[in-house]
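The structure appears right after this line, and notes come after that.
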There are 2 protein chains.
Amino acid sequence: MIKVLVIEDHEEIRDLISYNLGKENFETICFDNANEGLIHLENDDVDIILLDLMLPGLKGMQFLQIVRNNKKFSGVPIIIISAKNTEQDIINGLEMGADDYLTKPFSIKILIAKINAILRRNPAIKSKIISINGISIDTNNYVVTVDGEEISLTNKEYELLQMLLKHPKRVFTRNQILNAVWGYESDVYTRTVDTHVSSLRKKLGEKGSFIKSVPKIGYRADI
Amino acid sequence: MIKVLVIEDHEEIRDLISYNLGKENFETICFDNANEGLIHLENDDVDIILLDLMLPGLKGMQFLQIVRNNKKFSGVPIIIISAKNTEQDIINGLEMGADDYLTKPFSIKILIAKINAILRRNPAIKSKIISINGISIDTNNYVVTVDGEEISLTNKEYELLQMLLKHPKRVFTRNQILNAVWGYESDVYTRTVDTHVSSLRKKLGEKGSFIKSVPKIGYRADI
DNA sequence: AAAAATATGTCAATTAAATGTAAAATATAG
DNA sequence: CTATATTTTACATTTAATTGACATATTTTT
């Protein structure tokens with residue numbers, strides 16, 4: 001699902017955007033200020049940002065500048081939605097790094113068409129990276145690194161690792177793991193999981209010990 | 001120099017655009033009809049297209065459709081500049097594949113800012129030669145060289161190589177490759193990809209080994 | 001606390017599955 | 001019609017997954 005970060009201090013506009021994008025199957029995350037938006041951006045990847053300029057606290061243009069100067073986020077498309085509608089306002093916004101600029105009042109349908117046009121051109125290939133405690137999984141590229149060193153995992157090992165790390169601390173039974181990694185109809189021997197856990201631990205080296213067995217139940221990532 | 005193809009039947013507007021873009025160091029190629037624009041596109045690569053909709057002969061929307069359905073040009077950004085200014089006109093234009101839509105009368109400065117915003121996001125448009133590790137692809141001329149020696153690839157091999165090298169390290173599934181190289185409606189057997197990988201590796205000689213298979217997933221350029 | 005019962009760890013052999021590639025069949029271009 | 005490119009087929013090769021055996025660890029019972 002496409003995640004849209006909305007930074008807009010007017011509640012009615014936030015609700016309007018949220019409601020209409022929701023109908024188009026976008027997931028919206030809304031904030032009434034840029035500071036919180038920035039924090040969210042640190043913690044969760046988003047696909048596109050809708051940004052108001054006149055905000056309390058951190059101003060929209062400052063937010064834009066921070067995001068564009070940060071390597072990690074600089075690829076995220078940004079559409080400015082603002083009541084500032086002079087030629088110079090628009091030029092400033094675009095030159096500062098916005099991908100498009102809509103002036104208020106705006107048509108929600110045009111907004112949606114513009115979001116789609118931008119996403120069409122930048123297929124959300126942003127790498128979803130799960131990274132905990134020195135182990136990171138680039139889920140787009142199937143690349144796993146331990147302390148920066150790439151290690152090579154087989155498909156089952158990879159899927160298993162991903163499952164465990166997506167919910168650290170949570171205990172999974174062998175059957176849950178079989179269902180998730182092997183598929184529901186598979187009639188594989190439960191203990192096959194153990195073999196894969198074993199080889200996964202081995203490949204992870206020292207870090208492998210974070211995979212704890214929970215006797216009589218299954219395994220969990222104690223990390 | 002960035003080449004801008006302008007398709008606009010009003011001479012004053014063509015001149016206005018041409019003059020102002022010239023000052024910004026763009027090269028403009030202007031036509032008063034879409035047919036000639038299309039022929040030009042066939043013969044010379046352009047970086048971005050400015051398109052009027054109400055034209056004599058081939059209409060702007062038809063032009064847009066032709067360009068977007070043609071694999072060779074579908075990546076070229078298009079900004080529509082039109083007097084058609086209803087919400088539905090704009091939505092149609094964007095949904096048909098335009099990257100932006102300016103309504104007349106328009107600000108030339110905003111136009112320039114928008115062109116820059118679009119080009120900023122598609123840097124690949126500017127660099128037409130991909131060159132990594134002794135393998136280089138001149139995407140203007142469809143020429144591939146390995147250590148300076150030109151090699152001859154078939155079209156599918158060429159497209160495949162280009163796809164892999166545009167995103168080194170990234171893993172592509174066989175289906176992603178099929179969609180990108182063969183097109184969405186193609187009903188070609190997945191393993192055909194393998195055959196082409198094989199012949200591509202062979203033609204690349206020693207360097208061919210950079211194409212790594214990722215078991216159960218697909219291929220990637222490990223380069 | 002020791003012994004018995006049960007569970008997990010891991011190696012090595014086996015089985016299964018995916019990839020590599022040559023060559024035949026088909027399609028396309030000139 | 002011929003040459004070339006593309007797709008499919010078939011089989012060889014490689015790689016991964018699974019199982020069984022036994023060692024080690026943990027839990028339960030006495």
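A, B, ... follow the sequence lines: proteins, then strands. Residue 1 opens every chain. All of these numbers come straight from a predicted model, not from anything done at the bench.
- Lys114(A) is not listed as a side-chain neighbour of Lys109(A), based on a closest heavy-atom distance of 4.5 Å or more.
- Nucleotides of DNA chain C lying under 4.0 Å from heavy atoms of chain A occupy a range whose first and last members, 5' to 3', are dA7(C) to dC11(C).
- Nearest heavy atom pair, residue Asp32(B) against residue Leu55(B), reads O-CD2, 4.2 Å.
- Rounded to 10 degrees, the angle between the two end axes of the helix from dA1(C)-dT30(D) to dG30(C)-dC1(D) is 40°, with five pairs used at each end.
- A tilted orientation is assigned to the rings of Phe31(B) and His40(B), their planes being inclined by 30° to 60°.
- Take the nearest nucleotide of DNA chain C for Val214(B) and for Tyr219(A): the residue whose nucleotide is more 5' is Tyr219(A).
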Using a cut-off of 4.0 Å between protein heavy atoms and nucleotide atoms, how would you tag nucleotides 9-26 of chain D 5' to 3' with B, S and -?
B------SSBB------S

Run the side-chain donor-acceptor check on residues 206-215 of chain A: report pairs under 3.5 Å with partners two or more places apart or on a different chain.
from, atom 1, to, atom 2, distance (Å)
Lys207(A), NZ, Asn133(A), O, 3.1
Lys207(A), NZ, Asp147(A), OD1, 2.7
Lys207(A), NZ, Asp147(A), OD2, 3.4
Ser209(A), OG, Glu206(A), O, 3.1
Lys212(A), NZ, Ser209(A), O, 3.2

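- Under the ring-ring contact (aromatic ring centres under 6.0 Å, His included) criterion, Phe26(A) pairs with no residue, sequence neighbours left out.
- In Lys59(B), the NZ atom is crowded: over 12 heavy atoms of neighbouring residues, nucleotides or ligands sit closer than 6.0 Å.
- A donor-acceptor contact closer than 3.5 angstrom is absent between the side chains of Glu150(B) and Thr145(B).
- Looking at every heavy atom in both residues, Gly37(A) comes nearest to Ile7(A) through CA-CD1, 4.0 Å.
- By the side-chain hydrogen bond (donor to acceptor under 3.5 Å, both in side chains) test, Ser18(B) is found to be paired with Thr28(B), residues two or more places apart in sequence or in another chain being considered.
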Should Gln162(A) and Thr139(A) be marked as a side-chain hydrogen bond (donor to acceptor under 3.5 Å, both in side chains) after you check the CA-CA gap, both sets of side-chain angles, and the distance that decides it?
CA-CA 8 Å; Gln162(A) 181 172 280; Thr139(A) 59; 5.2 Å; no

